[in-house]
Amino acid sequence: MDENRKLYEMALKAKEFAYAPYSGFKVGAALLTDDGIVFLGSNIENASYGATVCAERVAVFKAVSEAKTNIVKIAIASDTEDFTYPCGICRQVLSEFMPDGEIILGNKTHIKVCKVKDIIPNSFKLS
Ligand code: THU
């Protein structure tokens, strides 16, 4: 199995741990650091809806909070037929920690790869 497929399979596994009682929309993410470590994330919702955190950010914050700031790629899985792209806030976060990175998107039958730069051109920067 190739590396992208493996990471996507891990995102599918992470999806099982989603806490999504309000939307019912479960998302899993799996990221790979430049030193080969994988961090998983799933969306975590809250009765105060705005406190919800997406799967991608959970994975990124787990990595960064353990000093792993060089992220190479992140895979995202949901239950939908369509590919699940990161939301706007997650795109901004991905642009901070993996500006040159790749996103692996999957559905039931296909996997495709896109670049963070392509889905958030001109991301916000403090300069
Ligand atoms: N969600 C993610 O986890 N990642 C995304 O990229 C888009 C949305 C979650 C947030 C919320 O728990 C649910 O999906 C519905 O919006």
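When a ligand or atom number is given, it counts from 1 through the structure's own listing order. The figures that follow rest on heavy atoms only: side chains count, while hydrogens, waters and symmetry mates do not.
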Single-linkage hydrophobic cluster, 4.5 Å side-chain cutoff, V58 and V93 together: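 As far as the 4.5 Å side-chain criterion goes, V93 and V58 are not connected within one cluster.
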Contacts of D34 that satisfy side chain to side chain donor-acceptor pair (under 3.5 Å) - sequence neighbours left out: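 For D34 the side chain to side chain donor-acceptor pair (under 3.5 Å) partners, ignoring immediate neighbours, are N70.
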D35 versus T33, side-chain donor and acceptor atoms under 3.5 Å: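 On atom types as modelled, these side chains qualify, holding a pair under 3.5 Å.
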Ligand 1: protein residues within heavy-atom distance under 4.0 Å: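 Lining ligand 1: S23, F25, V27, N43, E45, T52, C54, A55, E56, Y85, P86, C87.
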Any P21 side-chain heavy atom under 4.5 Å of E45 side chain: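 Side chain of P21 against side chain of E45, heavy atoms only: contact under 4.5 Å found.
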Nearest atoms (heavy-atom pairs only) where I71 meets M98: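 Closest approach of I71 to M98, heavy atoms only: O-CB, 3.2 Å.
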Criterion side chain to side chain contact (heavy atoms under 4.5 Å, CB included) on L32 and K73, from CA distance to verdict: CA-CA 5 Å; L32 181 69; K73 52 177 77 172; 4.0 Å; yes
